[in-house]
Every structure is written in structure tokens, then in C-alpha cells.
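Predicted, not measured: the structure shown is a model, and the values here were computed from it.
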Amino acid sequence: MMPKEERILNLIEAERKAEILYKEIENRSLITEGKTEHQLNTEVFNLAFELFGIKKFWHKRIVRSGRNTLLPYKENPINLTIQKDDILFFDFGPVFENWEADVGKTFVLGNNQKKLKLKRDVELAWKEGKEYYYQNKDKLTGADFYQYTKKLAEKYGWEYGNHHCGHLIGNFPHEEILGDEEINYIHPNNNLLMNEKDLNGDERFWIYEIHFIDRKLEIGGFFEQLLS
């Protein structure tokens with residue numbers, strides 16, 4: 001059994017590399033109007049291989065723009081073209097030396113104030129949720145944390161856009177090892193404490209997701225990172 005400290009350091013390092021990938025996306029100005037979501041997705045895949053030599057992603061790579069930003073992970077919407085003053089988000093799960101990363105971010109082209117507010121709000125809410133988690137994790141169930149996150153959406157003036165707000169992460173392939181049950185998600189039906197050990201008696205590590213939407217404006221914002 002790998003010590004907890006070593007496991008978390010591997011996960012943090014994987015996330016650090018994912019952050020480098022996002023920074024290079026910005027440095028190379030890859031996010032531009034006129035590209036399709038699929039085209040941008042392929043460019044990021046190629047960039048990940050250039051930077052780190054990786055082609056392995058533990059879940060499907062997501063680029064969503066415009067009205068597609070309303071939709072959660074499991075949906076497979078039509079391929080939209082990025083527009084001027086658009087909002088879009090990424091959800092990538094690259095695997096670095098068999099350790100999974102999962103980092104999602106929102107980007108805004110132009111100066112639409114409502115979209116810029118949404119981008120800010122998902123990041124601020126994530127930080128607020130992380131603080132709440134660490135203050136209460138000894139008594140917090142997945143269901144508790146999900147309901148708290150739904151209330152965060154209301155606090156910031158949005159609707160919550162998914163049926164869960166996070167999931168376990170670990171050594172690839174964690175889904176085959178731990179399964180795809182609700183107890184492995186920050187889900188309204190998960191009544192286990194979040195600090196419960198896994199089936200092997202190991203510490204569990206969580207990805208926390210914020211997905212706020214406005215159905216009338218047809219926009220959504222997304223932000224996720226490791227709770228570390």
C-alpha cells in the first residue's frame with residue numbers, strides 16, 4: 001500500500017502539469033472564434049503530447065461553447081463553432097505516469113460582463129466550497145456537500161447544472177478499481193462520509209466540480225480541481 005503522503009503528492013504533481021497545459025493554451029492563443037469545439041479539442045490533445053508526450057486521458061476530453069456550456073459531462077452535444085464574445089469551458093482528464101489529473105476551467109472571449117461574472121463566480125464558489133469542506137469533512141457526507149454546493153449556486157445568482165459536484169480520483173484506472181457507483185461521487189444519494197476509506201482501506205481523494213448555468217441566457221461556467 002502506497003503511503004497517503006506519496007499518493008497525494010503524485011496527484012498534486014499530475015494537477016500541476018495539467019495547469020501547465022492550460023497556461024500554454026492561453027500562451028499560444030488557441031482559443032479563438034471561428035474554430036469548432038472538435039478542432040480546439042484536437043489542438044489541445046496535440047499540445048498535451050508535445051509538452052508531456054501523453055496521449056492517455058482517463059475520461060473523454062470536453063470543449064463546450066455557447067449553449068453547449070449548459071450541458072454536464074455525460075451529454076454529447078452537436079459540434080458548435082466558437083463565436084465572437086463566446087463563453088466556453090474545458091474538462092480534461094490527462095494521465096501523467098499513471099496518475100490522473102482532472103482540471104476544468106472556463107474562458108470568455110470579449111467583454112460580456114455577465115459571462116465574465118460567471119467565470120469569476122465558478123472560481124470563487126469553488127474556493128468557498130473547498131474551505132467549507134475542510135472545515136466540515138469529518139462530518140460531511142457526499143449528499144451534504146452536494147446540497148451545500150447547490151445553495152452556493154443560488155447564493156451567486158445561478159442554477160446548479162449537474163446531478164453531482166465531484167468524484168473520486170486516483171491512480172489510473174481508478175474507475176475500474178472503485179466502480180462507477182453513486183458512493184464514488186459527491187452525489188445527492190451518497191450518504192457516506194467523504195472521509196471514509198475506500199474498499200482497500202486507503203484514503204480517498206476528491207475532485208470538486210462547480211457548474212453554474214443560466215438557462216435563459218444559455219450560458220454555463222465550469223471549474224474543477226483536486227481538493228488538496
- Item | Validation row: Met194, Lys137 side chains within 4.5 angstrom (heavy atoms) | no
- Task: Could you tell me whether the side chains of Asp85 and Asn111 share a donor-acceptor contact shorter than 3.5 Å?
- Result: no
- Message: Let's go through Phe145 and Tyr208 carefully: what are the C-alpha distance in whole Å and the side-chain angles of both, what is the deciding distance for ring-ring contact (aromatic ring centres under 6.0 Å, His included) to 0.1 Å, and is it a yes or a no?
- Response: CA-CA 10 Å; Phe145 200 25; Tyr208 182 42; 4.5 Å; yes
- Message: Please tell me whether Trp206 and Trp126 are part of a single hydrophobic cluster in this structure, the criterion being side-chain heavy atoms less than 4.5 Å apart.
- Response: yes
- Report yes if the side chains of Ser228 and Ile8 come closer than 4.5 Å at any heavy-atom pair, otherwise no. yes
- Report yes if the side chains of Ile82 and Leu88 come closer than 4.5 Å at any heavy-atom pair, otherwise no. yes
- Item | Flag side-chain contact, heavy atom, 4.5 Å: Gln83 against Glu33 | no
- Are Leu51 and Ile54 co-members of a hydrophobic cluster defined by side-chain heavy atoms under 4.5 Å apart? yes
- Task: Could you tell me whether Lys119 and Glu123 have a side-chain N and a carboxylate O separated by less than 4.0 Å?
- Result: yes
- Polar side chain donor-acceptor pair, Thr141 to Asp144, under 3.5 angstrom: yes
- Query: Which pair of heavy atoms, one from Gly161 and one from Ile213, lies closest together, and at what distance?
  - Reply: CA-CD1, 3.9 Å
- Task: Just do the ring-ring contact (aromatic ring centres under 6.0 Å, His included) check on His163 and Tyr146 with the steps written out, would you?
- Result: CA-CA 9 Å; His163 65 281; Tyr146 178 79; 8.3 Å; no
- Does the side chain of Val44 reach to within under 4.5 Å of the side chain of Leu21, using non-hydrogen atoms? yes
- With the threshold set at 4.0 Å, does a side-chain nitrogen-carboxylate oxygen contact exist between Arg64 and Glu37? no
- CZ of Arg61: more than 12 outside heavy atoms within 6.0 angstrom? yes
- Message: Let's go through Arg7 and Glu203 carefully: what are the C-alpha distance in whole Å and the side-chain angles of both, what is the deciding distance for salt bridge (Lys or Arg N to Asp or Glu O under 4.0 Å) to 0.1 Å, and is it a yes or a no?
- Response: CA-CA 9 Å; Arg7 292 172 64 223; Glu203 187 89 9; over 6 Å; no
- Determine yes or no for a side-chain-to-main-chain donor-acceptor pair under 3.5 angstrom, with Glu100 supplying the side chain and Gly170 the backbone. yes
- Closest contact, heavy atoms only, Ala101 versus Ala14: CB-O, 3.5 Å
- Item | Atom pair CD1/SG of Ile210 and Cys165 - distance to nearest 0.5 Å | 6.5 Å
- Task: Indicate the atoms forming the closest heavy-atom contact of Leu71 with Pro77, along with that distance.
- Result: CD1-CB, 3.5 Å
- Query: Can any side-chain N or O of Asn136 pair as donor or acceptor with the backbone N or O of Lys139 at less than 3.5 Å?
  - Reply: no
- Note on the structure: d(Leu47 CG, Glu24 CD) to nearest 0.5 Å is 6.0 Å
- Message: For a quick test of reading the model, state the closest non-hydrogen atom pair linking Ile186 to Ile207 and the distance between them.
- Response: CD1-O, 3.8 Å
- Message: In the structure I gave you, are the side-chain heavy atoms of Glu159 and Lys150 within less than 4.5 Å of one another anywhere?
- Response: no
- Message: Are the side chains of Leu80 and Arg67 in contact, using a 4.5 Å heavy-atom criterion?
- Response: yes
- Message: Under a 3.5 Å threshold, yes or no: a donor from one side chain and an acceptor from the other, between Glu19 and Gln225?
- Response: yes
- Relative to the ring of Tyr132, is the ring of Tyr148 parallel (under 30°), tilted (30 to 60°) or perpendicular (over 60°)? parallel
- Keeping the roles fixed (side chain from Asn184, backbone from Leu168), state whether a donor-acceptor pair exists under 3.5 Å. no
- Keeping the roles fixed (side chain from Lys115, backbone from Gly110), state whether a donor-acceptor pair exists under 3.5 Å. no
- Test item: Arg204 side-chain N/O and Ile169 main-chain N/O as donor-acceptor pair under 3.5 Å: no
- Item | Short side-chain donor-acceptor distance under 3.5 Å, Trp158 and Asp121 | yes
- Separation of Asn68 CG from Ile219 CD1 (nearest 0.5 Å): 14.0 Å
- Query: Just by distance, do the side chain of Thr106 and the backbone of Gly221 share a donor-acceptor pair under 3.5 Å?
  - Reply: no
- Task: Go through the steps to decide whether Phe52 and Phe96 satisfy the test ring-ring contact (aromatic ring centres under 6.0 Å, His included), and finish with yes or no.
- Result: CA-CA 8 Å; Phe52 302 107; Phe96 300 97; 5.2 Å; yes
- Task: Is it possible for you to check whether Lys151 lies under 6.0 Å from the centre of the six-membered ring of Tyr160, through NZ or CZ, and within 45° of that ring's axis?
- Result: no
- Item | Beyond-backbone contact of Leu118 with Leu116, side-chain heavy atoms, under 4.5 angstrom | no
- Leu217, Leu70: one ILVMFWY side-chain cluster at the under-4.5 Å cut-off? no
- Query: Side-chain donor-acceptor pair under 3.5 Å between His59 and Asp102, yes or no?
  - Reply: yes
- Message: Tell me if the centroids of the rings in Phe89 and His211 come within less than 6.0 Å of each other.
- Response: yes
- Item | N/O donor-acceptor pair under 3.5 Å between Glu224 side chain and Phe222 backbone | no
- Sequence neighbours left out, what passes side-chain contact (heavy atoms from CB on, under 4.5 Å) with Glu97? Give chain and number order. Lys17
- Do Asp86 side-chain atoms and Gly66 backbone N/O form a donor-acceptor pair below 3.5 Å? yes
- Message: Between Glu15 and Leu226 (side chain of the first, backbone of the second, donor and acceptor by atom type, cut-off under 3.5 Å), is there such a pair?
- Response: yes
- Here the gap from Lys130 atom NZ to Leu227 atom CG, rounded to the nearest 0.5 Å, amounts to 7.0 Å
- Query: Same hydrophobic cluster for Ile25 and Ile20, using side-chain heavy-atom links shorter than 4.5 Å among ILVMFWY?
  - Reply: yes
- Message: Does either side chain, that of Lys74 or that of Asn162, offer a donor lying less than 3.5 Å from an acceptor on the other one?
- Response: no
- Query: Is there a path of hydrophobic side-chain contacts, each under 4.5 Å between heavy atoms of I, L, V, M, F, W or Y residues, that connects Tyr133 with Tyr156?
  - Reply: yes
- Note on the structure: Closest non-hydrogen atoms of Thr36 and Gln39, given as atom of the first, atom of the second and distance, are OG1-N, 3.0 Å
- Atom OG1 of Thr81 and atom CG of Asn79: how far apart are they, to the nearest 0.5 Å? 6.5 Å
- Task: State plainly whether the residues Glu43 and Arg28 are in salt-bridge range, i.e. N to O under 4.0 Å.
- Result: no
- Which pair of heavy atoms, one from Phe212 and one from Thr149, lies closest together, and at what distance? CE2-O, 4.5 Å
- Output the distance between atom CG (Leu11) and atom CD (Glu6), rounded to the nearest 0.5 Å. 11.0 Å
- Would one find more than 12 heavy atoms of other residues, nucleotides or ligands at under 6.0 Å from atom CD of Gln135? yes
- Message: Tell me if the NZ atom of Lys60 is crowded by more than 12 foreign heavy atoms within 6.0 Å.
- Response: yes
- Query: With sequence neighbours left out, what residues match Lys155 under side-chain contact (heavy atoms from CB on, under 4.5 Å)?
  - Reply: Glu128, Leu152
- Any donor-acceptor N/O pair, Lys127 side chain to Val122 backbone, under 3.5 Å: no
- Please list, chain by chain and in numerical order, all residues satisfying ring-ring contact (aromatic ring centres under 6.0 Å, His included) with Phe92, sequence neighbours excluded. Phe90
